[in-house]
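In what follows, chains carry the letters A, B, and so on, assigned in the order in which the sequence lines appear, proteins first and then strands, with residues in each chain numbered from 1. All of these numbers come straight from a predicted model, not from anything done at the bench.
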Amino acid sequence: MSDFRLTAESCLAGRRVARTFERAGKVQVRIEERFPVFVLEVAAFGALQSQDIQHFEAATGVTPPAAGNAVHGRNVGVAALGPNRWAIIAPSELSFTPNDNFAVTDLGSARTCFIISGTKAAIVLAKGTSIDLHPSVFPAGSAAATRISHFSALIWQLDMEDGFLILTPRSYAHSFYDWLVLAASEFGGETQAL
Amino acid sequence: MLIPCPHCGLRDHAEFAYSGDAGLKRPAPDANDEAWFDYVYQRNNTPGEHVELWHHIYGCRQYIAVTRNMRSHDVRGSRFAATPEAES
Amino acid sequence: MLVSIKIRNINDLTPSFCYNLIMGRQYSAFRLFREALNGQQGWPLAWADAAPKKSYDIIIIGGGGHGLATAYYLAKLHGVRNVAVLEKGWIGGGNTGRNTTIIRSNYLLPENALFYEHCLKLWEDLSLDLNFNVMFSQRGVLNLANSDAQMDAYARRGNAMRLSGIDSELLERDQVRRMVPHMDFSDRSRFPIYGGLLQRRGGTARHDAVAWGYARAASALGVDIVQNCEVTGFRMAGGRVAGVETSRGFIGAERVGIAVAGHTSHVAAMAGLKLPVESHVLQAFVSEALKPFLDTVVTFGAGHFYISQSDKGGLVFGGDLDFYNSYASRGNMPIVEDVASAAMSLFPSLGPLRLLRSWGGVMDMTMDGSPIIGLTPVDNFYINGGWCYGGFKATPGSGWVFAHTIATGAPHALNAPFSLDRFKTGRLIDDKGAGPYPWLH
Amino acid sequence: MNGQGFRQADGQAINRDKPLRFWFDGKCYEGFAGDTLASALMANGVRLLGRSFKYHRPRGLMTIGADEPNALITVKRPGFSEPNTRATMVDLYDGLKATSQNAWPSLRFDVGAVSNAVSPFIPAGFYYKTFMGPTRHAWMFYEALIRRAAGLGRASRKPDASRYSKTNAHADVAIVGAGEAGLNEALAAGKTGARVILIDEAMQPGGWLLRERASGAIQMMIEALHGMPNVTILSRTTAFGLYDGLQMAAVERVQDHLPQIDLAAPRQRLWLIRAKRIVLAAGAIEQPLLFEGNDKPGVMLAGAARGYLNQHGAVPGRCAVIFTNNDSAYQTAFDFIAAGLKISSILDTRADLPEQLAAQARALGVSVVAQSAIDRVEYSRGLRGVHFHARGVAGKLECDVLAMSGGWAPAVHLSTHLGGRPVFDDARGLFLPARMPDGITCAGCMAGKGLPAAEPTPSSPSMRAFVDFQNDVTVKDVKLAHREGYRSVEHLKRYTTLGMGTDQGKTANIAGLSLMAGLTGQSIAATGTTTFRPPYTPVSIGALGGMETGEHLRPIRRTPMQDWHEANGGLMAVSGLWIRPKAYLKPGEDVIAAQIREARMVRQGVGIVDASTLGKIEVQGPDATEFLDRIYCSPVKSLKIGRARYGVMLREDGFVMDDGTLARLAPNHYYLTTTTAQAAKVLAHMEYHAQVTWPELRVSIISVSDQFAAIAVAGPQSRALLAGLAGAEAFDDAGFPYPSLKIITFGGVNVRVLRASYSGERAYELHAPAAYAMSLWKALLDAGAQPYGLEAMAILRIEKGHVAGAELDGRTTPADLGLAKLVRADKEFIGRRMLQRPGLSDPSRPSLVGLVPVDEASRIRSGAQITLTDDEKQPVMIGHVTSVCFSSVMGHPIALALIANASDMHQKIVFARYPLRNETVAVRIVPPVFYDPEGARLHV
């Protein structure tokens with residue numbers, strides 16, 4: 001039995017090079033991939049009872065956010081995906097034990113996590129998504145599972161200014177990245193190596 | 001066209017996969033042939049209001065029962081398909 | 001050479017032909033020339049706009065191509081002249097006047113292939129038969145294949161067609177390229193063109209002319225064409241239809257046939273029938289007129305898209321259904337955008353060209369994607385509908401078999417498989433294999 | 001270069017400090033910034049701008065806006081050319097090159113004009129009456145000739161170099177038209193702090209206000225709007241369509257006015273605007289009058305004439321005749337005089353003249369003639385004069401421009417896009433906007449405000465008067481349509497092509513239907529209009545397609561090993577959204593040789609294949625077992641924890657939907673695979689029944705297709721290979737029997753190992769977290785494994801008679817595929833009832849068999865049809881070939897086929913017919929499992 005260790009690799013491996021494409025000397029969009037990220041999808045089989053909420057808080061440190069919202073805990077973020085369904089996003093492993101009322105599914109490899117920021121970040125996303133990203137409608141802490149061009153994505157307006165976290169299915173992430181770069185090219189942008 | 005998703009709010013219909021008549025009730029296994037034929041194949045399809053399923057595949061992945069007028073496309077209301085009408 | 005009066009055989013001496021000849025109504029270049037000398041003053045009505053009589057032997061509901069063709073063949077082939085076609089608006093105003101005019105018989109399943117081939121043969125003689133130029137242009141219909149699997153599927157279809165005596169050719173990539181060079185054969189193409197299935201005898205026709213030509217020929221044979229006459233109900237007696245209630249009063253009938261595709265469900269519902277049909281909207285588009293550069297009908301396998309160029313120069317194209325039940329003859333933007341994306345991807349030179357007009361047609365989508373032509377539980381009530389988005393190409397054959405069915409009270413071998421009860425028996429005609437999800441066909 | 005002989009001091013819109021050079025038909029001219037191509041050509045005295053569609057009649061400017069029917073030109077750019085462009089809508093830029101259309105050899109001398117001479121012979125619809133004989137194919141001959149005359153502009157065949165973009169926008173109020181009404185609406189809404197989008201098609205807001213002699217007021221309005229951060233003004237943007245849910249589509253011409261187009265930025269941008277409230281303030285369109293020669297260059301709309309003068313200082317003519325049926329045209333006379341130009345006379349069709357205006361005109365020395373009509377115009381290389389008659393008088397008036405006004409029609413187009421019909425207002429004789437959904441209102445002219453009453457169209461104007469200028473439809477054509485019974489407005493339109501030009505009849509429809517109303521004796525209200533369809537004005541296909549073209553038409557899905565496949569000889573092929581390796585070619589190897597080598601490698605040793613494209617779903621919950629038992633027609637409840645099983649599911653209509661492997665991880669936790677093609681459908685199917693059919697079942701369904709990459713390790717040496725990586729005991733058959741699932745640690749990572757086999761050999765599918773999959777793939781290669789591709793995979797499964805996409809075509813039942821034994825009669829499942837229909841249980845249905853060629857050297861092709869005989873006359877089709885390969889173990893081609901009455905056909909010889917290549921191959925019908933029917937190899 002040979003002794004080896006498997007190593008994790010981003011689906012953008014080889015593509016995650018730092019590139020800057022200026023327009024009129026401006027760089028107005030910044031595209032970064034966060035890798036690795038730890039993602040759990042938690043689904044409750046029914047409406048949450050108090051002990052379920054306690055179970056949830058014990059695991060994540062936050063109370064499950066309501067529809068349309070996402071919340072931050074210490075080193076964890078939780079976004080509402082659907083009725084009784086949440087995405088738990090964390091930089092490092094986090095355990096949420098399934099029980100009779102919770103299904104827990106590891107999607108850490110299934111999702112690619114982007115941070116899109118810069119003064120034109122919302123404009124770039126608006127090329128693909130029909131939801132209203134205006135701060136008055138989609139303030140920091142808002143999260144929406146939606147569509148960007150042909151891609152399904154979770155968009156989370158971060159507390160940081162003009163910053164969005166986006167989760168998109170891994171097998172599509174390559175194409176999504178190409179789409180983002182094309183969409184950003186008229187404003188000037190940069191992609192961040194990690 | 002905008003579909004009011006009970007979970008996600010008003011969303012463009014391009015986020016959904018249309019999934020047909022929401023009024024269908026799967027007959028009991030021993031129901032007669034007519035009942036089964038009616039369930040699988042026959043549709044009222046009368047102009048006017050139609051209660052229909054929209055699967056929010058780009059959003060919460062719920063099947064939404066939407067009341068929409070087939071002539072004007074006006075949407076009057078919606079509920080989760082999983083929720084019995086009474087509760088909505 | 002321009003004179004279009006030509007008798008190839010005795011069958012060409014159709015009643016309508018003789019009538020037109022005797023009445024001096026025959027259309028011809030010669031007549032056109034003669035009329036030019038008196039300012040085109042001498043042309044009679046193309047068809048008489050009749051007021052409804054008290055009753056008819058046969059009433060056809062729906063003055064589209066299918067209904068008018070049915071009336072024409074009833075009069076011409078079955079000698080039934082006491083026929084009325086009831087149209088709620090103006091003839092040819094439904095899907096006959098809102099389609100992309102594509103005509104083909106390149107179907108996989110034998111039931112479809114044989115029926116549509118019969119239609120295609122009728123198309124080939126239609127202008128002469130009706131003495132009205134429907135401009136049936138056999139410019140060829142080319143289905144592009146974008147994968148090995150699709151090439152195999154087309155091969156299966158093409159072989160089945162050829163063995164049924166229908167023309168079909170399987171083209172390799174370079175043959176397609178020679179035929180339509182300005183498609184995207186570059187490596188930036190998302191779905192490379194592997195080849196295609198070509199039916200040379202397929203093509204397009206002038207949609208309005210089909211309704212007008214049948215109306216004129218039927219009218220000449222004594223058929224009453226009643227416009228602005230909406231059917232509001234059926235008067236039933238002893239499980240039979242006694243006649244129809246209309247916006248212009250009650251009209252009695254021995255037999256009634258409906259050809260109201262797009263609205264079949266609710267017309268049939270008036271007679272107490274529930275059908276395996278949903279109404280969906282299909283959009284179509286035409287560009288500004290351009291000097292012709294595309295002389296073939298092309299369909300794109302990946303991303304549903306089809307395109308041809310009319311004799312006026314407009315690019316006529318379309319794509320998928322809007323994917324929701326609708327009786328509104330208009331669609332929404334997502335399909336417009338998707339069709340334009342496909343157009344640009346297949347023909348990268350189309351970018352600067354402009355879309356002139358878009359419109360939507362209401363389609364009867366059936367549960368297996370094939371039409372319903374035949375008998376109903378009501379024994380003197382016949383149905384012709386469920387054409388999905390392929391009704392235009394069927395117009396002559398549809399009228400032909402429907403006339404036979406109504407006149408003889410039994411379906412012709414060609415439309416027997418398209419019976420309403422096939423859904424009960426499970427003998428479906430599902431060319432696409434999509435199952436009972438009408439919007440997927 | 002010519003001087004601008006027809007430029008006046010007036011014209012607030014142009015900037016004389018910025019002269020611009022441009023070319024029309026190769027000739028160089030000068031204009032100014034702020035000009036449109038139309039105004040610049042007018043300033044240069046160019047009157048002949050185009051040729052009409054049918055008769056190739058010389059045509060000049062008719063209008064000053066988007067309604068222009070005549071002045072269609074082609075704009076030439078380095079990357080592309082833009083045919084059928086309205087000169088009135090082209091902002092002038094330095095170096096602009098434009099050419100005229102539909103004329104040969106030249107605009108002035110156009111051979112096509114001969115059709116004008118033969119016009120009596122080619123009335124409306126002439127082509128329906130001839131070109132039918134002598135043979136059934138005659139039309140193809142005539143059509144070839146007719147198509148030479150078809151079309152207006154010429155399309156470039158070169159790929160469009162420019163870029164397009166799309167943006168979604170949201171507003172509280174979206175306003176169409178930045179004329180006086182639109183600006184006021186914007187100001188009012190803007191003050192409330194609402195998010196406002198104001199859309200206008202011109203180069204700057206203002207609308208007709210810009211065309212008044214004094215228009216200082218609007219500058220303040222516009223500055224006020226610019227001061228509001230909540231107000232967005234989109235100029236050079238045309239709102240072209242209204243859609244459901246208060247959505248508006250508009251196209252912005254981002255760079256079309258720039259001398260150089262920056263290819264890194266969009267040339268045009270599609271705006272998809274969703275608003276809480278939409279205000280239509282698109283203004284009104286002036287209508288022409290009907291008289292002989294009303295289409296000649298120099299005859300134009302009165303509003304346009306003064307518009308060019310006031311806005312651009314461009315002079316339509318030095319001496320004008322005004323011809324009108326309403327008050328609005330008098331202002332044209334006053335503006336001409338104020339600009340020092342001559343008005344030879346005002347011809348008013350009305351009996352009662354407007355006293356004030358008439359007096360004002362006479363005071364300026366202009367004669368005003370009541371109840372007058374124009375008989376014809378004198379034209380030779382320019383307008384010379386008009387012949388008119390009036391009560392008692394008749395005569396000729398010299399002029400070089402005829403400014404006409406047939407009244408103003410609200411631009412109701414957008415109001416009809418949601419299905420409404422324009423409403424005819426008898427009192428004022430005009431169509432007002434249709435009733436619209438809540439949230440959409442009209443303002444200004446569109447609300448019927450400020451429109452002059454106009455006299456109705458005369459019942460019998462000159463037969464030669466043009467109704468539709470672009471398509472050359474005359475009064476005579478309308479009468480012919482009536483005579484032949486084409487009397488509904490839609491028949492009129494379709495028979496004569498009235499209103500079907502690129503202008504969609506903005507200056508033609510109303511006259512046309514008024515004439516028809518006159519002929520039928522019906523009221524105009526009863527006659528009605530044709531429906532206006534989107535777009536309001538033509539929109540480039542590029543803008544509608546946006547960025548999602550070429551390689552972006554659809555996403556490419558990639559497995560973690562994709563880069564490796566591409567870098568290591570993988571011959572890649574499109575398969576749905578994926579691009580997968582058919583085979584890995586070694587130097588000098590073709591794809592056939594490679595796939596046979598790869599298949600033999602698996603049969604004899606071991607190979608690995610990237611199976612990551614398989615759909616993967618996790619089903620969890622207290623009712624997971626019950627739910628899956630109803631979804632699969634094959635047994636589920638008896639599946640033990642840790643075991644796996646081949647499963648089949650049906651659609652509710654009884655036909656096979658998909659097949660795959662089902663594994664039970666824990667009492668309430670299942671992991672299942674679907675075929676690549678059906679993955680999305682199966683997920684939606686299961687969600688449907690979980691949410692809609694049995695909402696009471698407590699179950700969660702989540703796709704993990706992207707979470708797990710799958711690597712199949714197949715072949716007799718697969719166990720040895722894997723044991724070397726993860727330890728022998730983990731793969732001990734006792735603890736890891738076929739078929740089952742076991743979680744085994746590879747290099748520190750838990751991998752779901754599925755002992756299942758598609759190849760018939762001992763095999764293990766490693767389902768590893770996608771992030772680690774490439775690393776695992778490399779480890780397997782390091783351990784000596786070699787990859788195989790789709791083609792080898794196909795060989796292996798065909799040899800075993802396993803079904804795939806070609807057999808699962810949505811028309812087959814389990815029995816058809818030899819899977820009847822899997823269908824459990826003792827339980828309820830989706831599709832059970834419909835499966836019992838006679839059509840699905842008919843023994844004569846085509847079912848799965850194997851085929852071998854009688855002559856082993858001959859080739860069977862996929863897609864071949866099976867016939868009983870090789871008789872050319874009456875081929876009886878009994879089925880078709882679904883899958884074919886060259887068998888690596890048998891050394892000759894084998895195939896799977898679906899054949900009717902297969903049970904009676906065993907060992908019979910039939911024919912695989914491929915008429916597309918004139919091939920007929922004699923084949924023998926054999927069982928569909930060619931290799932190891934007893935399945936011993938699974939355990940070797």
Subject >> D:R195/A:H134 under side chain to side chain contact (heavy atoms under 4.5 Å, CB included): CA gap, chis, key distance, verdict >> reply: CA-CA 10 Å; D:R195 289 162 71 192; A:H134 190 273; 3.4 Å; yes
Subject >> Intermediate values then yes/no, side chain to side chain contact (heavy atoms under 4.5 Å, CB included), A:T129 and D:N168 >> reply: CA-CA 7 Å; A:T129 184; D:N168 291 274; 5.7 Å; no
**OP:** Just do the salt bridge (Lys or Arg N to Asp or Glu O under 4.0 Å) check on D:R269 and A:E186 with the steps written out, would you?
**Re:** CA-CA 12 Å; D:R269 177 180 289 115; A:E186 75 175 280; 2.7 Å; yes
Original post:
Hey, mind stepping through A:D132 and D:R274 against salt bridge (Lys or Arg N to Asp or Glu O under 4.0 Å) and telling me if it holds?
Top reply: CA-CA 9 Å; A:D132 190 350; D:R274 288 166 189 79; over 6 Å; no
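Nearest heavy-atom pair, A:T105 versus D:Q620, reported as atom, atom and distance to 0.1 Å: OG1-NE2, 2.9 Å. Nearest heavy atoms, A:R170 versus D:A771: NH1-CA, 3.5 Å. Nearest heavy atom pair, residue A:R5 against residue D:G748, reads NH2-CA, 3.4 Å. The shortest non-hydrogen separation linking A:F4 to D:F746 is CZ-C, 4.2 Å. When all heavy atoms are compared, the tightest approach of A:T7 to D:S775 is N-OG, 3.0 Å. Smallest separation of non-hydrogen atoms from D:L577 and A:Y172: CD1-OH, 3.7 Å.
For D:A779, the part lying near chain A is the side chain, with the backbone staying farther off; criterion is any non-hydrogen pair under 4.5 Å. A:A173 does not touch chain D: none of its heavy atoms, backbone or side chain, sits under 4.5 Å away. For A:N84, no part lies near chain D; criterion is any non-hydrogen pair under 4.5 Å. With a 4.5 angstrom heavy-atom cutoff, A:V104 touches chain D only via backbone atoms. Residue D:S612: no heavy atom, backbone or side chain, is found under 4.5 Å from chain A. Of the two parts of D:S700, the backbone and the side chain both hold a non-hydrogen atom closer than 4.5 Å to a non-hydrogen atom of chain A. With a 4.5 Å cut-off on non-hydrogen atoms, D:I702 touches chain A through its side chain but not through its backbone. For a residue to count as touching a neighbouring chain, one of its non-hydrogen atoms must lie under 4.5 Å from one of that chain's; by this rule A:R85 does not touch chain D. Heavy atoms closer than 4.5 Å to chain A are found nowhere in D:D623, neither backbone nor side chain. Heavy atoms of D:D563 lying under 4.5 Å from chain A belong exclusively to its side chain. In this structure, chain D has no heavy atom under 4.5 Å from any part of A:L125.
Among A:F21, A:F151, A:F176, A:F187, the residue making the largest number of heavy-atom pairs under 4.5 Å with chain D is A:F151. Ranked by heavy-atom pairs under 4.5 Å with chain D, the first of A:A8, A:P169, A:A183 is A:A8. Of the residues considered (A:S130, A:P36, A:A43), A:S130 shows the highest number of contacts with chain D, using heavy-atom pairs under 4.5 Å.
Proximity of A:D178 to D:E551: side-chain heavy atoms (C-beta onward) are nowhere separated by under 4.5 Å. Residues D:W578 and A:S171 have side chains in contact (heavy-atom distance under 4.5 Å, counting atoms from C-beta outward). Counting heavy atoms from C-beta on, the side chains of D:L553 and A:H150 never come closer than 4.5 Å. The shortest side-chain heavy-atom distance between A:D106 and D:Q707 falls under the 4.5 Å cut-off.
Atom OG of residue A:S136 and atom CG of residue D:N230 lie 10.5 Å apart, to the nearest 0.5 angstrom. Going from atom NE2 of A:H174 over to atom CZ of D:R558 covers 4.0 Å, rounded to the nearest 0.5 Å. A:S109 contributes atom OG, which lies 8.5 Å from atom CZ of D:F708 (distance to the nearest 0.5 angstrom).
In summary, the side chains of D:E548 and A:S149 do present a donor paired with an acceptor at a separation below 3.5 Å, with no hydrogens or angles considered.
Taking a 6.0 Å sphere around CD of D:Q260, one finds it holds 12 or fewer heavy atoms contributed by other residues, nucleotides or ligands.
The closest donor-acceptor contact from the side chain of D:R557 to the backbone of A:S175 lies at 3.5 Å or more, if one exists at all.
Salt-bridge formation is not detected for the pair D:R698/A:D100: no Lys NZ or Arg NE/NH1/NH2 atom is positioned less than 4.0 Å from an Asp or Glu carboxylate oxygen.
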